[in-house]
Amino acid sequence: MEQKIILLILFLFLHFKSGYSMYRPLSVDAIFDEKSFTLVFQTPGSYPTRLILHQNKTTPRYEMAPNYFNCSLVIGNKRYCTFHSDEPFSRLWGNVYSKICAREESSPVEDCTFNYSALDLPFVTNLKYNKKPGTSGGDIIITGNYLRSRGGPNSLLTTFNYITSFDVKGNFSDPSFDCNNITVTVPPGSGNFEFAFDEVGDNLFPFSYESPKISSIVSNMQTLTINGDNFFTDKKLVEIYFDGTIETNFIISVNHTQIQVKNFNRNDPGPMSVNIKINEISTEKNYIYCIPAAIITISSLSNYSDGIVTIKGEKLSSTLNSSFTPSITIGNKQCTFIKSTTNELKCKLDPNEYGGRDLPVNVNFGGCNSINPNNVSLTYNIPTLSSASYLNGLVTLIGTHFGTNNESFVQLNGIGINLKIDQFNVSSDGKSVTFKLPLLRCSLFNITFTRLNVTSNTILISASLSINVINKPNVSNGTLNIEIYYMDCPISQSSEPSITVGNSSSATKCSIPLLQSFTSVYYETKCSTPFGTGINKQFIFKLNSEMVRNEFSYAPPKVERSKFSKGLFNITFHGNNFGNSISLIQVYFNGNNISSEILALKDNQLTIKTLNSYDNGLINIIVDGNNMESLFNLTFPPVIYGIINKDNKTIACGGIITVSGKNLLTNDDDFKVKVLANNKNTTIIIQDENILIVRVDCNESPLFVSTFIGDNLGPNAILTYLEPKITVIPTIKNKKDGISIRIGGVSLSDTIYASLVLSSENVSLSCNLQCSLSPNETFYYSNPIISSSEIDITNSTDCLLCHSISFVNETSGVLYLQFGSISYHYDVKIEEFLIPISPSSSSSNGSEGSSKSSKLSGGQFQVLELVVLMVLVLSLVV
């Protein structure tokens, strides 16, 4: 019995339990962004625990990572459930059959039978499209958040064609696939539609096909072809508007990309607005198609036709708006509108415009340029050449429309000729131009005149032969060099010119003309000239059939050097172009005519008598009126007046000899001045035109001095030396290697006896002489009065360096000097010589020994002096 009661109670519990039903969770709010979302529920009540997302109606997503709702946060009567997943939100995808697991607060039992749509899950945000599809269809890329969380996954519901879906590309089961970046294939179509990213169409997002685009419009006869894109294929969905008026006579000639409007005819020129609407979607911006005016012919004009231009063609006037007038340009000039009809238009150019050749013409209505099927253009007021002439170096052009502006030039072209002339004169009536013709090698050349880049016709002109003499031939065997201009080109071997000089009956042939360089503007020839002198010699130059008269001058006389004859009786000038006629030559010396002194004449040599002058001067020779280009400086040979040493005296050491004269600086080797002393050469110290100072390297006296001009002997003299003079006697140096003294003086010689007399001995001295005078020092020869004891020498004196190897232990003595028969003696001091003290001398008794110098008493000195004099006399006698 008890067992039955227990079974009954268990049956009743199971019965009541199986009949229990949990209420589905209902969210009252949702908080979300691209990385998280939280659902809000009322408490008490059921709430979600996790999601089971399906890939189709029956199959869950087995690859889906674990997920759950954290619903622990309760604030008041609100429970906040935050969704967590082990995969990123970009992988959150499922379909309408997905399930939700839920529970109640009072029971841990989880119920997973609730539909996915029961929750207010996040809807699509940040929706973007990479482009709109064309009417021909294609792939588009859609990005955003939660794109596939409740729909698909590989189909996208749309309102296109009522209710249909587009294919979504991609493998949603691939863990790396981004569900927030999907590629959708859109089929061909047109117009507006909506996307629904869930499978029930709760949220619709508007979208459309791309608007029609016009790229070009081409007119052919009465058919207007519109090229572009997104025109679709169904004519019933297409509307075409021209200036707001609908056109119905058209076809879609190429699906999506071309429409042809038939029987199009519009008489008015100018812009036309074109708009196309495809299934209520219009072009974003109206396309402007220009209906051009057509130019068939255009009239020419000139300054004398009042500048009226007449243009004939089609669509040259607006029939709908008479005030709609065109802008007309001819070249870069504006032509002012006067009037027009459909087939004719008149405008006016400024009659002072310079004009132009083949200028383009444009008739523009509202920014629409005209067409010119025959490529007609306007030519007016262009410069025109009718004739050209050449006379005396000037070219005259005759024609019209030369203008008066500075933007013109004349162009010369021919063989080796390509010149631009911008210096010319235009006549007041503008019908002639004159300019100086530059020197050209050839006679024939073409001329054009260009004004403001408009060039005239070409005209041929010929200039007459012209020559230019470029040198002066020598009197004999001369060659005349001639520049030839405006000759017949090209040159031939038979073009051999000739000249006839003066009244000669025969012509002299010249060389074949040659160009000196490729760019040379003239030919050059060489012609031999007969013997002659003078200037302005007339001659005739002949080349082919043309003759030109001109003149030349012979080369002027030129003196290269002069030569005095032996004995100086005459002077011969060497040079050239002297001629051979004494009657035609004149010679001037310092402006004085000395033609009467001419002795002989050749073309390269002229001899005259020696002039009664010793002054140098300029020689000018005139031959047959032809002056020297540069005068010749005639220098006369030297003249020696004499040897001017005072009282025939000179200095013994470096003896000075002074010679006076004129023209002593001659460069002529035949008249070089030299001075010998005792038949030995001397050294020049100073030399100018009037004074020659030399130094004698000989100490022998007397001096036999002789002067020479070339090999000719001049004045001579016998000179003797001045007496020597001692000026400086210093202290005698006393060293362990001997004694020495440096004695200064004037007119010293190296013929000397010297000794030092001491109290105990007589020491002989050896002396070397150093003369003070050198070529760099100045000798004052200009002083006419010099006493026998005075010599004008600057800065220094002669020097005797005397020495002996003898050891001296005295502090004074007598110095004896003997120059020939002249002797000197001087009391001198001697440096005290100190002997170093050795260590053993410290124990001596202080003996003074040799440390004291001996001194002579007065009597002893006189006796010693007499002995020395006797020795000197005996030595001189020996």
Side-chain angles (χ1 to χ4, degrees), residues 651-654 699 701 721-772 789 791 793 796-838 841 844-878:
I651 304 170
C653 185
N699 292 322
S701 184
Y721 289 129
L722 293 171
E723 290 185 0
K725 180 179 180 181
I726 304 299
T727 57
V728 178
I729 298 291
T731 300
I732 294 177
K733 302 291 184 180
N734 192 10
K735 298 181 180 179
K736 64 180 180 179
D737 56 350
I739 60 174
S740 64
I741 185 171
R742 191 180 186 90
I743 303 167
V746 178
S747 195
L748 305 182
S749 72
D750 56 0
T751 306
I752 183 174
Y753 173 80
S755 64
L756 177 62
V757 178
L758 304 172
S759 61
S760 59
E761 60 179 321
N762 182 17
V763 180
S764 294
L765 300 176
S766 297
C767 298
N768 294 321
L769 176 63
Q770 295 180 351
C771 297
S772 64
S789 61
I791 301 297
I793 301 175
S796 61
T797 60
D798 300 336
C799 175
L800 277 176
L801 182 59
C802 302
H803 67 279
S804 174
I805 60 175
S806 300
F807 180 75
V808 176
N809 288 326
E810 300 185 22
T811 59
S812 64
V814 177
L815 177 65
Y816 278 90
L817 302 173
Q818 181 75 36
F819 298 95
S821 60
I822 301 173
S823 61
Y824 302 92
H825 64 273
Y826 300 94
D827 290 335
V828 293
K829 292 182 178 181
I830 304 173
E831 287 183 347
E832 184 177 359
F833 181 73
L834 299 177
I835 301 175
I837 301 174
S838 62
S841 63
S844 66
N845 295 325
S847 176
E848 294 181 359
S850 61
S851 64
K852 295 181 179 179
S853 299
S854 299
K855 296 184 179 180
L856 298 177
S857 64
Q860 290 174 329
F861 181 79
Q862 291 179 351
V863 173
L864 181 58
E865 181 181 9
L866 181 59
V867 171
V868 171
L869 286 174
M870 290 177 64
V871 172
L872 290 173
V873 171
L874 289 175
S875 64
L876 291 173
V877 173
V878 175

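Quantities reported herein were computed from a predicted structural model and do not represent experimental measurements.
- In this structure, Y753 OH and S764 OG are separated by 4.0 Å, a value rounded to the nearest 0.5 Å.
- To the nearest 0.5 Å, atoms CG (L800) and CZ (R742) are separated by 10.0 Å.
- One finds the OG atom of S740 at 13.0 Å from the CD1 atom of I805 (value rounded to the nearest 0.5 Å).
- Pairing each heavy atom of L748 with each of C799, the nearest pair is CD1-N, 4.4 Å.
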Candidate pair L815 and L765, rule side chain to side chain contact (heavy atoms under 4.5 Å, CB included), full reasoning: CA-CA 10 Å; L815 177 65; L765 300 176; 3.7 Å; yes
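- Between the Y824 side chain and the P724 main chain, a donor and an acceptor come within less than 3.5 Å of each other.
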Trace of the side chain to side chain contact (heavy atoms under 4.5 Å, CB included) decision for D827 with V814: CA-CA 5 Å; D827 290 335; V814 177; 3.6 Å; yes
Side chain to side chain contact (heavy atoms under 4.5 Å, CB included) between I726 and Y826, intermediate numbers included: CA-CA 10 Å; I726 304 299; Y826 300 94; 3.3 Å; yes
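- Closest of all the heavy-atom pairs between I830 and G813 is CD1-N, 4.3 Å.
- Annotation: the span from E831 atom CD to K735 atom NZ amounts to 7.5 Å, rounded to 0.5 Å.
- Within a 6.0 Å sphere centred on CD1 of I822, heavy atoms belonging to other residues, nucleotides or ligands number more than 12.
- When atom types are taken as modelled, the side chain of E810 and the backbone of L758 share no donor-acceptor pair closer than 3.5 angstrom.
- For the atom pair CD1 of I741 and OG of S804, the computed distance is 12.5 Å after rounding to the nearest 0.5 Å.
- Partner of N734 under the side-chain contact (heavy atoms from CB on, under 4.5 Å) criterion, chosen from V808, T811, N809: V808.
- For the atom pair CD1 (I743) and CG (L817), the distance works out to 4.5 Å, reported to the nearest 0.5 Å.
- Panel note: side chain D798, backbone S747; a donor-acceptor pair is recorded below 3.5 Å.
- Here the side chain of T731 pairs no donor or acceptor atom with the backbone of K829 at under 3.5 angstrom.
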